[in-house]
Every structure is written in C-alpha cells, then in structure tokens.
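What you are looking at is a predicted structure, and each value in this text was computed from that prediction instead of being measured. In the text below, chain A, chain B and the rest are named by the order of the sequence lines, each starting its count at 1.
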There are 2 protein chains.
Amino acid sequence: MKEGPDISHIASLIGDPARANMLTALMVGKALTASELAQEAGITLQTASSHLSKLEKGNLLRPRKQGRHKYFSLASDEVAHTLEALMGLAANAGHLRSRPGPRNAALREARVCYNHLAGEMGTRLYESMITRQLLRLNGEEVELTTAGAGFVRDFGIDLDALKAQRSALCRQCLDWSERRSHLAGSLGRAMLVRIEELGWAKRDTKTRIVAFSPNGKVRFDELAARG
Amino acid sequence: MKEGPDISHIASLIGDPARANMLTALMVGKALTASELAQEAGITLQTASSHLSKLEKGNLLRPRKQGRHKYFSLASDEVAHTLEALMGLAANAGHLRSRPGPRNAALREARVCYNHLAGEMGTRLYESMITRQLLRLNGEEVELTTAGAGFVRDFGIDLDALKAQRSALCRQCLDWSERRSHLAGSLGRAMLVRIEELGWAKRDTKTRIVAFSPNGKVRFDELAARG
DNA sequence: CGAATGCTTCGATTATGATCGAACCATGAA
DNA sequence: TTCATGGTTCGATCATAATCGAAGCATTCG
C-alpha cells in the first residue's frame with residue numbers, strides 16, 4: 001500500500017497533457033528552454049514555468065541555467081525509459097508483443113545511452129561480439145575474450161588504458177527500443193568514441209542521435225558482421 | 001505532438017492514487033475481484049467500479065466474469081513492465097542505476113513471464129546456458145547448440161516435439177527486474193514445465209510467483225551451475 | 001542606463017474528476 | 001421464491017489543479 005502513492009505521483013506528473021508534451025519533446029535528448037517548452041506544449045510561459053517546477057521537484061527534469069536562459073533536460077535515462085514504456089503501452093492497445101521505444105527512426109537506429117552506443121546498432125555490435133566469441137558471458141558478467149582483446153586493439157582501442165580504469169570494462173545494458181542488451185562499460189564507451197574518431201558517425205551535439213554516414217554504415221556492418 | 005495526448009492519458013489513468021493502488025495490487029499476477037480491489041484502494045465499491053471501468057477501457061486491465069464475481073487482472077506483461085518502470089522511477093530519486101521491478105522478493109527471484117521462467121533464476125539459467133555453449137547467440141537469434149540439445153534432453157525435455165511446434169524454440173526475453181535477458185520461446189516454457197514436473201518448484205495458482213523448494217533450489221543451482 | 005527579453009510568482013477563475021448515497025441489475029444460496 | 005451479495009449506473013457535491021493576466025526579478029544588449 002505504501003507503494004501506491006509513489007507511482008501515482010510520478011504518473012500524475014506525466015498525466016497532464018501539457019507536461020506530457022514537454023517531456024516528449026525532451027526525449028530526443030536535447031535540452032530546451034522554458035520558452036521553447038512552453039511553445040511545444042502550446043501554453044503560456046507562466047503556465048509552463050509552473051509545470052516545469054513540478055517536474056523538476058519530481059526529479060523528472062534537470063535544469064541548467066545559462067544567463068537568463070534556463071535549459072531543461074530529462075533527469076536521467078531512467079526517465080526516458082519510463083516514458084518509452086508508456087509510449088509502448090499507448091501504442092500497444094491489444095498487441096502483446098511489439099516494438100516500444102522512440103518513434104524517431106534515427107533514435108531507434110543509433111543513439112547514446114550512458115555514453116555508449118544504443119539502439120539497433122548497439123545491440124547488433126554486442127550480439128556479433130558474443131556470437132564470434134569476442135565477448136563471453138560469465139554468469140552476470142560480460143568478459144572480453146582473448147580474441148576479443150585482439151579485435152578491439154585492432155579497432156584502435158587502447159585496452160590497457162581502459163583496464164586501468166576503475167569502471168567495469170564490459171557490462172550488459174538493457175536496450176529499451178530493441179529489448180535486448182547492448183554493450184556498456186568503459187569498452188562500450190570507448191567503442192563509441194572510436195567510431196566517432198574514425199568518422200563513421202557523429203553524435204548530434206543537441207540530441208542523443210548518433211548519425212552514421214553511409215560509409216560509416218558500411219564500415220560498421222563489416223565490424224559487426226557475423227563472421 | 002500527436003504522441004503527447006497518448007502518454008498523458010495512460011499516465012493519468014495510473015496517476016490517481018486509488019487506481020494506482022489497485023494496479024499495484026494486481027502486479028503480483030493475481031486476479032482480484034472488484035470488491036477486493038475496492039478494499040485494496042480503501043474506497044467504496046461504486047467508486048472502484050467507476051475506476052475499474054476506466055482502466056479497462058484504457059487497456060490496462062482485463063476482466064473475467066465468474067457468476068456474480070468479476071475478476072480483474074493486468075491486461076498484459078507490458079502493463080506490469082510499465083508499472084515496474086514507474087516504480088523504479090519513484091524509488092530512484094537521484095540514483096542513476098538501481099534495481100527496478102517488483103519489491104516482492106519472491107517475484108524477483110522467480111516468476112512466470114509469458115509462461116517461462118523470469119526473475120533472477122530465469123536470467124541465471126539463460127546466462128549459464130550461454131556461458132557453457134549450450135545456447136548460442138546468432139545475431140538476434142538464440143540457438144540451441146548440439147551440446148545444448150543433449151543437455152535439455154538429459155533434463156527430460158522432448159526436443160523433437162518442441163521443434164515440431166510453430167513457435168520459436170529459443171528467444172531472448174527482457175527480464176525487467178534483472179534488466180537482462182532470460183530464456184523465452186517454447187524451450188523456455190518447457191523448462192518451466194519440467195522444473196515443475198520434477199517438483200523443484202511450484203507455480204502459485206493465483207500469482208506469478210514460482211516458488212522453489214529448498215531441494216529444488218539446490219537442484220536448480222546444479223542445473224544452472226557455471227561449470 | 002533604459003529597454004527588451006526570459007523566467008518566476010501571485011491570485012482569481014474555471015474545468016475536471018474523484019467520491020459516495022441511492023437505485024438498479026445480475027447471480028447464487030437457502 | 002426470497003434474501004443476500006456482487007457489481008453498475010446516476011447524480012450531486014466538493015476538492016483539486018490547470019490556466020493566464022499582472023507584477024516582479026534577473027540577465028542581456030544597445
């Protein structure tokens with residue numbers, strides 16, 4: 001019974017159409033100003049201000065001030081995930097299995113999640129590396145195999161530097177749009193950085209989208225080939 | 001912009017405390033009558049009836065009539081997952097990574113998901129089978145290896161009968177509480193049935209809980225050993 | 001420094017929706 | 001058949017919260 005009020009509060013924050021519109025606008029990962037969000041929701045700035053304050057206090061939004069501008073972004077990926085789940089539910093009336101997640105095709109394909117690659121491409125890479133014994137599941141742990149170490153070194157990643165870091169090298173991370181895992185951890189982050197260095201893809205500075213070039217896609221396909 | 005009203009409607013359905021309490025009570029997987037749900041929410045039956053009608057129209061609940069009794073259950077696992085996500089968010093104020101999902105320890109440990117084993121034990125079994133090359137990832141597909149086929153046959157599963165079925169033998173299924181995959185598909189279902197046949201665990205007839213006996217746990221640990 | 005712009009706060013208005021008593025319908029048991 | 005119980009519907013009541021004009025504060029620009 002103590003759980004009830006908690007989810008009802010969060011849900012009621014999302015349950016207002018104006019607030020839902022603003023949250024949806026922020027899902028793409030871009031930080032928007034209060035004025036921009038007011039426009040998104042079709043309400044006055046004062047109303048938006050009041051709503052944004054509520055979302056902030058509910059830990060759904062995180063603000064950042066720049067001079068007279070106040071930018072808001074979603075407080076965490078957790079929030080984005082939850083919004084995606086609600087979207088799936090709204091879209092899913094009656095269908096037992098379908099594909100939830102962002103409707104934006106670019107976001108589905110490749111996006112940033114905790115600084116590593118998510119979306120279809122993220123899960124493809126992970127699964128390819130498992131398939132080719134480059135990564136190995138050891139219970140809950142994901143380990144890089146000897147062959148995998150060679151693979152990522154060839155790809156241009158300084159594995160020793162990564163191993164010297166405190167954070168886990170490899171981790172599974174739930175990919176919400178694909179409903180499967182993608183690679184997280186320092187290696188996951190390094191892969192994304194390397195992909196960018198190679199010019200295969202660019203992170204949109206304003207959004208979570210990772211935009212692969214046509215050539216980058218070809219290259220990535222080779223990298224993630226099933227071998 | 002067209003997406004907004006959709007999630008706000010679903011979220012507002014969950015956003016009422018009485019409705020949230022009723023939805024939460026149903027998360028355990030048990031079907032409850034309108035009267036029982038009214039009690040759960042601490043409201044009168046007439047109020048509950050009105051709320052339940054809304055949840056039903058919103059495709060969050062599924063009703064089943066038995067004589068004068070009307071039982072309600074969550075409309076799908078999708079709904080349960082979304083509620084779990086909201087719970088995670090409500091619990092997560094400020095924490096970037098934590099463990100969402102049912103608070104009920106039994107549900108976290110082992111529960112039914114689309115008729116196969118989910119929860120900690122479900123993910124452990126899956127990961128053990130991957131680790132020991134009993135299952136193999138081939139891109140998105142999960143395949144049973146030759147060694148795996150022998151393993152499940154030894155476990156007492158009629159693999160030929162399963163293969164004759166139309167549905168996929170092995171599938172990955174997102175385990176929300178563990179945030180990792182567990183085994184789904186006809187093999188996943190058969191494993192759960194077999195576990196029951198062996199008397200290791202019982203499905204609670206009223207809930208999604210899969211209750212392992214002490215001996216069953218020992219046996220399961222052996223089955224899911226990392227060897 | 002004054003004007004423009006971005007944002008917050010205040011307070012009044014109004015729409016919405018939860019709530020429950022009463023009445024009614026459906027089912028089951030004695 | 002009557003009574004008890006489960007559930008639905010109606011309508012009135014009342015609390016809540018979104019909304020926006022006005023006013024005020026903060027920052028930027030000419």
Integer-rounded Å distance: [N] [atom2] and [X] [atom1]:
X     : N      : atom1 : atom2 : answer
B/L37 : D/dG6  : CG    : C1'   : 13 Å
B/Y71 : D/dG6  : OH    : C1'   : 11 Å
B/L52 : D/dT9  : CG    : P     : 12 Å
B/L32 : D/dG7  : CG    : C1'   : 15 Å
B/L45 : D/dC10 : CG    : P     : 16 Å

Check your understanding: Under 4.5 Å between any side-chain heavy atoms of A/L117 and A/M191, yes or no?
Key -> no
Point to revise | Heavy-atom check, side chain of B/L13 versus side chain of B/K57, under 4.5 Å | key: no
Exercise for review: Starting from the C-alpha separation in whole Å, work towards a yes-or-no answer on side chain to side chain contact (heavy atoms under 4.5 Å, CB included) for A/R19 and A/L55.
Suggested key: CA-CA 8 Å; A/R19 288 200 291 269; A/L55 292 172; 3.7 Å; yes
Exercise for review: Mind running side chain to side chain contact (heavy atoms under 4.5 Å, CB included) on A/M87 and A/L83 for me, showing each step along the way?
Suggested key: CA-CA 6 Å; A/M87 279 186 169; A/L83 294 174; 5.7 Å; no
Check your understanding: Is a side-chain N or O of A/S12 found less than 3.5 angstrom from the main chain of A/G15, in a donor-acceptor match?
Key -> no
Check your understanding: Would you find a donor on one side and an acceptor on the other, under 3.5 Å apart, between the side chain of A/S49 and the backbone of A/L45?
Key -> no
Check your understanding: Under the side chain to side chain contact (heavy atoms under 4.5 Å, CB included) criterion, do A/L74 and A/L60 qualify, and how do the steps go?
Key -> CA-CA 6 Å; A/L74 296 183; A/L60 295 183; over 6 Å; no
**Study point:** Inter-residue atom distance B/F220.CZ - B/S213.OG, 0.5 Å rounding
**Key:** 12.5 Å
Check your understanding: Distance from B/L89 atom CG to A/I14 atom CD1, nearest 0.5 Å?
Key -> 6.5 Å
Check your understanding: Which part of the nucleic acid, if any, lies within contact of A/T33, taking any heavy atom under 4.0 Å across all strands shown: a base, the sugar-phosphate backbone alone, or nothing?
Key -> sugar-phosphate
Point to revise | Residue met sooner reading DNA chain D from 5', once B/F72 and A/H69 are mapped to nucleotides | key: B/F72
Exercise for review: Starting from the C-alpha separation in whole Å, work towards a yes-or-no answer on side chain to side chain contact (heavy atoms under 4.5 Å, CB included) for B/L23 and B/L61.
Suggested key: CA-CA 8 Å; B/L23 289 167; B/L61 293 187; 3.8 Å; yes
Revision key, fill the gap. To the nearest 10 degrees, the angle between the two end axes of the helix from C/dC1-D/dG30 to C/dA30-D/dT1 (five pairs per end) comes to 20°
**Study point:** Boundaries of the DNA chain C segment in contact with chain B, non-hydrogen, under 4.0 Å
**Key:** C/dA18 to C/dG28
Check your understanding: With the sugar-phosphate defined as primed atoms, P, OP1 and OP2, and the base as all remaining atoms, what B/S/- string results for nucleotides 11-26 of chain D, 5' to 3', for protein heavy atoms under 4.0 Å?
Key -> -------SSBBB----
Review point. According to the interplanar angle, ranging from 0 to 90°, do the rings of B/W200 and B/F155 count as parallel (below 30°), tilted (30 to 60°) or perpendicular (above 60°)?
Key: tilted
